[in-house]
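This report concerns only the one structure given below.
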Amino acid sequence: MIKNKKTVIMFVITLSIVLTVLQYQGIVPGTSDSGTELRSVYTEEDIPATDPESSLWDEATSITVPISGQTSTNPKRLLPSVESVRIKSLNNGTHIAFRITWNDAVKNSKTTKNQEFRDALAIQIADKGSIPFVCMGSAATGTTRMHIMQWKSDWQRDIEEGFQDLEDSFPNFWVDYYPYAVGEPPYRVPEDFPGNASLYLPGYHVGNPFSDPLKVTSVEDAIADGYSTITTQAIQNAVGRGVWKNGTWSVVISRALDTGDHDDTVIKEDNILAFAVWDGESQDVGARKSVSSWVTLKTRGKTKEENPPYVAQICILILYVIALLAIIGLIGFGLKRKKKGKVSKEEGEATEDKPDLKEEEQPKKTGEGKKKKVGHSQKKSQKNKVSPAKKRKGG
Amino acid sequence: MVDVWNWQLNRKMEYKYDETRPSKQVSAVFDINKCIACQTCTMACKTTWTSGKGEEYMFWNSVETKPWGSYPMGWDVRILDKLGSQPWDTNTDPVTFSGKTIFEKVPEGEEVEGWRPDDMDWAYPNRGEDETNEIIDKSKYHLTLPHAIWNFYLARICMHCTYPACVAACPRKAIYKRKEDGIVLIDQKRCRGYRECVRACPYKRSMYNHVTRISEKCIFCYPAVEEGIWPRCMRNCVGKIRLVGYVNKPEDSDPKNPIDFLVHEKKVALPLYPQLGTEPNIYYIPPIHSDAKFLKQMFGPGVDNAVKIYKNMRNGNEPELRGVLLLCTSTDKILGKFAIRSDEAIGYDTDGNEVARLPLVESQIRRVFHDSEREVYRHNIT
């Protein structure tokens, strides 16, 4: 019975160590869990930069991140509109993609009418180190500048179905003539009109990205330095796409790990990420959003530059196995020793352990005294650790 | 939230930002008694600023018939209803507002109490036009003063408030109040179309553009104001009900500044819904024949005094007041000062240059009823 138990324990320990090693190497994907660590899985293939339904996503580890209402600044969302998001990430050494999935019973992808608000999703990325304030960072506290990528359902609709114009929302509406909006978007101003006539589409005239009828990406690449500061970047590097099916949004946001754009955070090991969801049906917009807490990104062993060559990988694996065997051996001896100790106690021979302890302490001291010969001392220590057991065995 | 001084309430109130008044504050006085709801102001604004695509429903200037008209639908009653009772303490001089403003009675998680109109609320800009307060039946068909059956026209633009609700509510800080003249503007580059200003403004003067998907509002024709010229809606007023200038705080009131004279000296021009707490900078001379209770809710407790003084002017007294109101009819230059000399009213721009001069009483030529040369009787002899 005891032997079986020991075997089971050994098997579980071994399996967990092997799995950890393999997952660490990216050889097997992790399992779905709820957590604060997102592992970006390396793939040799092109990452599905705008395809949330690609089969490649099956290779990635999924984590479930709880979402709460934004209650730090007014206007607040006291209760979240979404309970949680499920996140996966893939990278191919140069680019990284995040797929975020959440439940949303109603698709909202228009912002033409006064009462229409979009479904949206944002990822906020910062360097590790001092954990910035989760809402857009803060320049005042000297924490990191935030890089934010926000996917917007209405921007995507403008791209996929053409600019959602007035006529799309008010099909029975008629106007004879717009002197200042000729043709299709982007509207032209008649040539004989003065230059300032384009002011009749003021947002478009001043280059507000929200007013641009010809959008090229559904993901806004932005930076922020605290509340009220979110700013669309001059260079847009992020792409993405969302698919709404059966009450679920699946949205991919992707980008080069290092875009070379100084406004972008270089995506690397131990970056921290936070996620925000806007539910258009609940009239979420701006600060009225649901947010996650920080999630740490793990890419080690996944990105090209950090990924050792195949041979080296095998060597590392062999080393791991050797180390593993050594650990198993040690645990085995430990268990035996414990068992022996138990038996000894029962027999009233507990005093026999005392000299062994003294012997154990000795090499430790030796080790401390001869720092330059750590390896040797450790060896000696191991040897000495083994000897009492031998003794016991012999006794 | 910090405490700021709101002189219209005669007390401190809570606001998001410190009290930082502009060096000058643009202002205007609308004499409701003269408005005929011709909507010339509305169209002057519409053709100047909001004829673009996506702005179809927008009227930065609108004229509604009170008591039933409103644009957007129920803009005033809906916010008044949210605030509940709005009492004034008449034991103080001046009277003190003892209710709560939109910045003080705020639901958890909000910056300002408000509501956001949807498309249908904006869809009837002239609903209630010319409707009277009650159905005219036999018992009320005769005229009494004040009128048992009444209505009046309320011309409205952005109030360019001292404590704008839109500024407090914008999480983007995309709305700002200009230091040089107090005009409140939405930065078209910063706005991200959250519509928090649309929700917060109690006067509902921020509007969402369907096509550019960001919000816009009345700009008090700042390019004209910078040249010392009245905004379009004011210049084009057929009824000559409007007077444009700059308003000071009551303690800095200049009796020779026409706006200060009407607002602080004569107290004949009153703020619209001062109890909301934004310290609006467009002032109204209340209609003298409408229901006083209704007017007090709308313009505060100073209504009785204002009506009394205005009636007094019509009876031939108050020559100074008469002179200032006449200046409305004779210039489109922003007035800094006025002067009354014997039987003339003179207006000066902010640099002290004379820009208007007119008699307090127009001279009349009276012709004989019968023209003997042509052997005809004249229809009009004055």
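Proteins get letters first, then strands, A, B, ... in listed order; numbering begins at 1 in each.
- More than 12 heavy atoms of other shown residues, nucleotides or ligands fall within 6.0 angstrom of atom CG in A:L78.
- Contact between B:P171 and A:S228 at its shortest, heavy atoms only, is O-OG, 2.8 Å.
- Taking OG1 from A:T231 and NZ from B:K189, the interatomic distance works out to 11.0 Å, rounded to the nearest 0.5 Å.
- Applying the 6.0 Å contact sphere to CE of B:M120 captures no more than 12 heavy atoms from other residues, nucleotides or ligands.
- Here the CD atom belonging to B:E108 is positioned 9.0 Å from the CG atom belonging to A:N74, to the nearest 0.5 angstrom.
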Apply side-chain contact (heavy atoms from CB on, under 4.5 Å) to residues B:E196 and A:V285 and explain how you reach the verdict. CA-CA 9 Å; B:E196 295 294 347; A:V285 69; 4.2 Å; yes
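- The OG1 atom of A:T111 sits 11.5 Å away from atom NE2 of B:H210, with the distance rounded to the nearest 0.5 Å.
- Contact annotation for B:P107: neither backbone nor side-chain heavy atoms come within less than 4.5 Å of a heavy atom of chain A.
- The distance from atom OH of B:Y208 to atom CD of A:E116, rounded to the nearest 0.5 Å, is 8.0 Å.
- Looking at A:Q164, both its backbone and its side chain come within 4.5 Å of chain B, counting heavy atoms on both sides.
- The local environment of NZ in B:K179 is crowded, with over 12 non-hydrogen atoms from other residues, nucleotides or ligands closer than 6.0 Å.
- Contact annotation for B:R116: only side-chain heavy atoms (C-beta onward) come within less than 4.5 Å of a heavy atom of chain A.
- We find the CZ-CD distance between B:R199 and A:Q283 to be 10.0 Å, quoted to the nearest 0.5 Å.
- In this structure, the side chains of A:P202 and B:E55 come closer than 4.5 Å at one or more pairs of heavy atoms.
- Listed options A:G207, A:A287, A:G286 were ranked by heavy-atom pairs under 4.5 angstrom with chain B; first place goes to A:G286.
- Shown here is B:R178, whose CZ atom has more than 12 heavy atoms of other residues, nucleotides or ligands within 6.0 Å.
- Shown here is B:E227, whose CD atom has no more than 12 heavy atoms of other residues, nucleotides or ligands within 6.0 Å.
- In summary, of the residues considered (B:V211, B:I214, B:N209), a side-chain contact (heavy atoms from CB on, under 4.5 Å) with A:S211 occurs for B:I214 alone.
- Neither the backbone nor the side chain of A:R77 comes within less than 4.5 Å of any heavy atom of chain B.
- Enclosure of atom OH in B:Y124 is not indicated, since only 12 or fewer non-hydrogen atoms of other residues, nucleotides or ligands lie within 6.0 angstrom.
- Using a 3.5 Å distance cut-off with no hydrogens or angles, the side chains of A:N114 and B:D119 do pair a donor with an acceptor.
- A:D154 places a side-chain heavy atom less than 4.5 Å from the side chain of B:R213.
- A cation-pi geometry, defined here as NZ or CZ lying under 6.0 Å from the six-membered ring centre and within 45° of its normal, holds between B:R195 and A:F117.
- Contacts between B:E216 and chain A at a heavy-atom distance below 4.5 Å involve the side chain alone, from C-beta outward.
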For A:R288 and B:E110: C-alpha separation, side-chain torsions, deciding distance, then whether side-chain contact (heavy atoms from CB on, under 4.5 Å) applies. CA-CA 10 Å; A:R288 298 175 198 270; B:E110 299 290 345; 2.7 Å; yes
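- Your options are B:V198, B:T48, B:D121, and the one with the most heavy-atom pairs under 4.5 Å with chain A is B:T48.
- Heavy atoms from other residues, nucleotides or ligands lying under 6.0 Å from CD of B:E226 number more than 12.
- The 12-atom threshold is not exceeded at OH of B:Y222, counting heavy atoms of other residues, nucleotides or ligands nearer than 6.0 Å.
- At least one side-chain heavy atom of B:R172 sits less than 4.5 Å from a side-chain heavy atom of A:I230.
- Proximity of a side-chain donor or acceptor of A:N208 to a complementary backbone N or O of B:Q188 within less than 3.5 Å is detected.
- Within residues 167-174 of chain A, the residues having any heavy atom closer than 4.5 Å to a heavy atom of chain B are A:E167, A:F170, A:F173, listed by residue number.
- In this structure the side chain of B:K53 never reaches within 4.5 angstrom of the side chain of A:V175, judged on heavy atoms.
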